[in-house]
Amino acid sequence: MASSVLRLRDVSVTRDGNPVLQGADWAVEPDERWVILGPNGAGKTTLLQVAAAALHPSSGEATVLGETVGKSDLAELRPLLGFASSALARRIPRTERVVDVVMTAAYAVTGRWNELYEDIDERRARRVLAEWHLEHLAERTFGSLSDGEQKRVQIARSVMTDPEMLLLDEPAASLDLGGREELLQLLGGYASDPKSPAIVMVTHHVEEIPLGFNRALLLKEGRITAQGPLQEVITSESLSETFGVEVELTEIDGRYSARARQAIAD
Ligand SMILES: Nc1ncnc2c1ncn2[C@@H]1O[C@H](COP(=O)(O)OP(=O)(O)OP(=O)(O)O)[C@@H](O)[C@H]1O
């Protein structure tokens, strides 16, 4: 069996003296596509930052692509980890050409400075843009795109280096219905492709779980409350327990929706 791309053993993270992640045990295998759900402040982004080797555990051990976070030089890991988040997107210059936004990922920078780009990088960037239905926007500036288009550019950028693990922090946040559905369709296709890397996606809403995702992890107050196969973990009971409201969950053709039972009774 291939080795885990991510392994956490009893990982805790303390920030400003507060425990924000506690005793996390978790492994991600190459063929797994994980969704992480939990209330605001539960520690989802913190967990993703540990997975990205961007944050060191305060205690416990995190191994990313075989390297122990905090013990090895992680610079070489960077291109092997695709990462997209709104915080990272804010660092992309609005005047940058879309094709350059994607291409600069090969050098793990935002903004095109003095790197020498190869034709092969540009060809790959244009191919990745086409895969995410963005080729017609290649020459536009990043700042001129709609939110939905910008989200897709961020994901295209994060897969440019052909990473071994793709980490997505709320990729569908702030999208309208059409934009969300288009993104979910593309993500679902990507997740269903056996050649795609391991994927970990943080989201607030079960409606944003793309088809093709097969694992789920629930977090509450810094602790993992459930993890495992998606259909076993995403249940009315587990969501009610994690979010602290009575949740009524429905699933149609692999897509979920949830609402509070209270709302149904009213
Ligand atoms: N740099 C920081 N310094 C101090 N506390 C922090 C820092 N970053 C996050 N926290 C705290 O850690 C806790 C977990 O934050 P985190 O962003 O991981 O949660 P989250 O589940 O992603 O939340 P949300 O759903 O609101 O995005 C929160 O209480 C937050 O205030």
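The first residue in the sequence is number 1, and the count goes up from there. Atoms considered below: every heavy atom in the structure, side chains included; atoms not considered: hydrogens, waters and symmetry mates. Just follow the structure's listing: the first ligand is 1, and inside any ligand the first atom is 1.
Scanning all protein heavy atoms for the shortest distance to atom 19 (O) of ligand 1 gives G43 N, 3.2 Å. In terms of protein heavy-atom proximity, atom 27 (O) of ligand 1 is nearest to E170 OE2, 3.8 Å. Of the protein's heavy atoms, N40 ND2, 3.0 Å lies nearest to atom 26 (O) of ligand 1. Annotation: atom 14 (C) of ligand 1 to nearest protein heavy atom, G41 O, 3.5 Å. Looking from atom 8 (N) of ligand 1 to the surrounding protein, the closest heavy atom is R15 NH1, 2.9 Å. For atom 11 (C) of ligand 1, the nearest non-hydrogen atom of the protein is V20 CG1, 3.8 Å.
Look at Q49 and you'll find every heavy atom at least 4.0 Å from all atoms of ligand 1.
Closest approach of E29 and A27 over heavy atoms only: OE2-CB, 4.0 Å.
A salt bridge between D253 and R255 is absent, with no side-chain N of the basic residue lying under 4.0 Å from a carboxylate O of the acidic one. Ionic pairing of R127 and E122 is not present here: no N-O contact between side-chain nitrogen and carboxylate oxygen is shorter than 4.0 angstrom. By the 4.0 Å N-to-carboxylate-O rule, E182 lies close enough to R152 to be salt-bridged with it. Contact check on E139 versus R126 returns a salt bridge, with a Lys/Arg side-chain nitrogen under 4.0 Å from an Asp/Glu carboxylate oxygen. The pair E248-R259 fails the salt-bridge criterion, with no side-chain N (NZ, NE, NH1 or NH2) lying under 4.0 Å from an Asp/Glu carboxylate O.
Checking S58 against S12 by side-chain atom types alone, no donor-acceptor pair falls below 3.5 Å. With no hydrogens or angles considered, no side-chain donor-acceptor pair links T95 and T141 at under 3.5 Å.
The only option from L134, I155, V159 that meets the side-chain contact (heavy atoms from CB on, under 4.5 Å) definition with V128 turns out to be V159.
Less than 4.0 angstrom separates some heavy atom of K44 from each of these atoms of ligand 1: 18 (O), 19 (O), 20 (P), 21 (O), 22 (O), 23 (O), 24 (P), 25 (O). Heavy-atom proximity to D16, at under 4.0 Å, picks out these atoms of ligand 1: 3 (N), 4 (C). Set against the non-hydrogen atoms of H204, the atoms of ligand 1 under 4.0 Å away are 24 (P), 25 (O). Against a heavy-atom cut-off of under 4.0 Å, P39 is close to the following atoms of ligand 1: 21 (O).
When non-hydrogen atoms are compared, ligand 1 lies under 4.0 Å from the backbone of T46 as well as from its side chain.
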*List the steps, then state whether side-chain hydrogen bond (donor to acceptor under 3.5 Å, both in side chains) holds for R33 with S196.*
CA-CA 10 Å; R33 285 84 171 96; S196 294; 4.5 Å; no
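Between G38 and ligand 1, no N or O atom pair is found at a separation short of 3.5 Å.
Note that atom 5 (N) of ligand 1 has protein non-hydrogen atoms nearby, at separations under 4.0 angstrom. Checking atom 30 (C) of ligand 1 against the protein gives no heavy-atom contact under 4.0 Å.
Nearest-heavy-atom check against atom 22 (O) of ligand 1 across D169, T45, V50 picks out T45.
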